[in-house]
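A quick write-up on the structure given underneath.
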Amino acid sequence: MTLILKLGGSVITDKQRPETLDEEHLARAAAAIAEHDEELVLVHGGGSFGHHHASEHGISSEAGSHDVTGAFAVHDAMRRLNDAVLAALHERDVPALPIHPLSAAARDGDGELSLSTPVETMLSEGFVPTVQADVIAHTGAGVTVVSGDELVVELAEQLDAERVGLCAGVPGVFDEEGKVIDRIESFAAVQEALGGSDATDVTGGMAAKVRALLDMDAPASVFGLDGLEGFIDGESPGTRVG
Ligand SMILES: Nc1ncnc2c1ncn2[C@@H]1O[C@H](COP(=O)(O)OP(=O)(O)OP(=O)(O)O)[C@@H](O)[C@H]1O
Ligand SMILES: C=C(C)CCOP(=O)(O)O
């Protein structure tokens, strides 16, 4: 049984302030993760580390760049965030090891993602692979951003994951009245309520998240930090997608 969990950048960082961690949230997330007893792959988003640099250098999932300064600025900030996530996990004795997609993934000329990582071997050896959102080489475009959400979907397919969770800065996906929707089975049914992100975000916010999750076979949930413990325990907090 493999669980894939994305820690949203809106949870573990203060998305309004460049390169600012939310230490308290990160510590709470690490404490909840420490209770897991299934194989677990962690992915984390960019928050105020990835998105600010990407936006400053004009790099997104679609807009590429050949500027090495910009490419490295995004990657390096994400690596610093990854280091901070690992440190919080190690503090709770979670055997987490880093995966940096810049060295393990690429897109072809059609934008198709390929990802070749040691995640499976790490899992079977008892580690918790911890994958950062990143920039990756993109045929004909230089580098583009690979979002945590894209990585979750790709890894869920590769590993035939049992369950997928996205822990975000909201308790679930809201309807037009601001109520958390229980279950989403089609994009069209909720499209009107879905927006981007409140903060600087180059990868499309909630609308992109729901679209990506609906493409997956594994059941997925979108929930806030209060739902994380329950998700680790096998519950389906927040909004079930798919
Ligand atoms: N219908 C909706 N329900 C819930 N959130 C929504 C909705 N429409 C737009 N949003 C926005 O989506 C944001 C969550 O997406 P966002 O991409 O910021 O989260 P994240 O994955 O945690 O962050 P990151 O991309 O940095 O990893 C919320 O903060 C909210 O502003
Ligand atoms: C900007 C970067 C590198 C991160 C994008 O990933 P996300 O935060 O999961 O949308």
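Order of listing sets the numbers, starting from 1, for every ligand and every atom in it. For the numbers below, each heavy atom of this structure counts, side chains included, while hydrogens, waters and symmetry mates do not.
Looking at atom 1 (N) of ligand 1, its nearest protein heavy atom turns out to be Ala193 O, 2.8 Å. The shortest contact between atom 2 (C) of ligand 2 and any protein heavy atom is with Val145 CG1, 3.8 Å. From the protein, the heavy atom lying nearest to atom 4 (C) of ligand 2 is Ala133 CB, 3.5 Å. Closest to atom 10 (N) of ligand 1 among all protein heavy atoms lies Gly196 O, 3.3 Å. The protein non-hydrogen atom at the shortest distance from atom 8 (O) of ligand 2 is Gly46 N, 2.7 Å. With respect to atom 27 (O) of ligand 1, the closest heavy atom belonging to the protein is Gly9 N, 2.7 Å. Looking from atom 8 (N) of ligand 1 to the surrounding protein, the closest heavy atom is Gly195 N, 2.9 Å. With hydrogens left out, the protein atom closest to atom 10 (O) of ligand 2 is Thr203 OG1, 2.4 Å, a heavy atom. Closest protein heavy atom to atom 3 (C) of ligand 2: Val74 CG1, 3.7 Å.
Linking Ile, Leu, Val, Met, Phe, Trp and Tyr whenever their side-chain heavy atoms come within less than 4.5 Å puts Val173 and Met216 in one cluster. The hydrophobic clustering, which links ILVMFWY residues whose side-chain heavy atoms are closer than 4.5 Å, places Phe223 and Val164 apart.
Distance alone, capped at 3.5 Å, is enough to place a donor-acceptor pair between the His25 side chain and the Val11 backbone. Checking side-chain atoms of Glu150 against main-chain N and O of Ser147 turns up a donor-acceptor pair under 3.5 Å. Judged by distance alone, with hydrogens and angles left aside, the side-chain atoms of Thr139 form a donor-acceptor pair with the main-chain N or O of Arg107 at under 3.5 Å.
In the vicinity of Gly172, heavy-atom distances shorter than 4.0 Å reach the ligand 1 atoms 4 (C). Heavy-atom proximity to Lys6, at under 4.0 Å, picks out these atoms of ligand 2: 7 (P), 9 (O). Close contacts of ligand 1 with His51, meaning ligand atoms under 4.0 Å from a residue heavy atom, involve 24 (P), 25 (O), 26 (O). Close contacts between ligand 1 and Gly47 involve ligand atoms 26 (O) [criterion: under 4.0 Å to a heavy atom]. The distance from ligand 1 to the heavy atoms of Gly8 drops below 4.0 Å at these ligand atoms: 20 (P), 21 (O), 22 (O), 27 (O). For ligand 1, the atoms lying closer than 4.0 Å to a non-hydrogen atom of Gly45 are 27 (O). If you number the atoms of ligand 1 from 1 as listed, the ones under 4.0 Å from a heavy atom of Lys15 come out as 16 (P), 17 (O), 18 (O), 23 (O), 24 (P), 25 (O), 26 (O). Less than 4.0 angstrom separates some heavy atom of Gly148 from each of these atoms of ligand 2: 6 (O), 7 (P), 9 (O).
Distance check, rounded to the nearest 0.5 Å: CD1 of Ile4 to CD of Glu157 gives 10.0 Å. To the nearest 0.5 angstrom, His138 atom NE2 is 10.0 Å from Glu112 atom CD.
Other residues, nucleotides and ligands contribute over 12 non-hydrogen atoms within 6.0 Å of the CD atom of Glu19.
Nearest approach of Gly50 to Val74, heavy atoms of both residues: O-CG1, 4.2 Å.
By the 4.0 Å N-to-carboxylate-O rule, Arg211 lies too far from Asp215 to be salt-bridged with it. Salt-bridge annotation for Arg79 and Asp134: absent, with no side-chain N of the basic residue lying under 4.0 Å from a carboxylate O of the acidic one.
Among the atoms of Ser147, none of the N or O lies under 3.5 angstrom from an N or O of ligand 2. Considering both main-chain and side-chain atoms, Val146 never comes within under 3.5 Å of ligand 2 through any nitrogen or oxygen pair.
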Applying salt bridge (charged side-chain N to carboxylate O under 4.0 Å, His left out), run through Asp149 and Lys6 and close with a yes or a no.
-> CA-CA 7 Å; Asp149 304 333; Lys6 178 191 170 193; 2.9 Å; yes

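In the candidate list Lys209, Met206, Gln191, Met206 is nearest to atom 5 (N) of ligand 1, counting heavy atoms.
In summary, of the residues considered (Leu3, Val128, Ile99), a side chain to side chain contact (heavy atoms under 4.5 Å, CB included) with Leu42 occurs for Val128 alone.
For Asp201, every heavy-atom contact with ligand 1 shorter than 4.0 Å involves the side chain, none the backbone.
Heavy atoms of His44 come nearer than 4.0 angstrom to ligand 2 in no pair at all. Ligand 1 is approached by Lys6 to a heavy-atom distance shorter than 4.0 Å.
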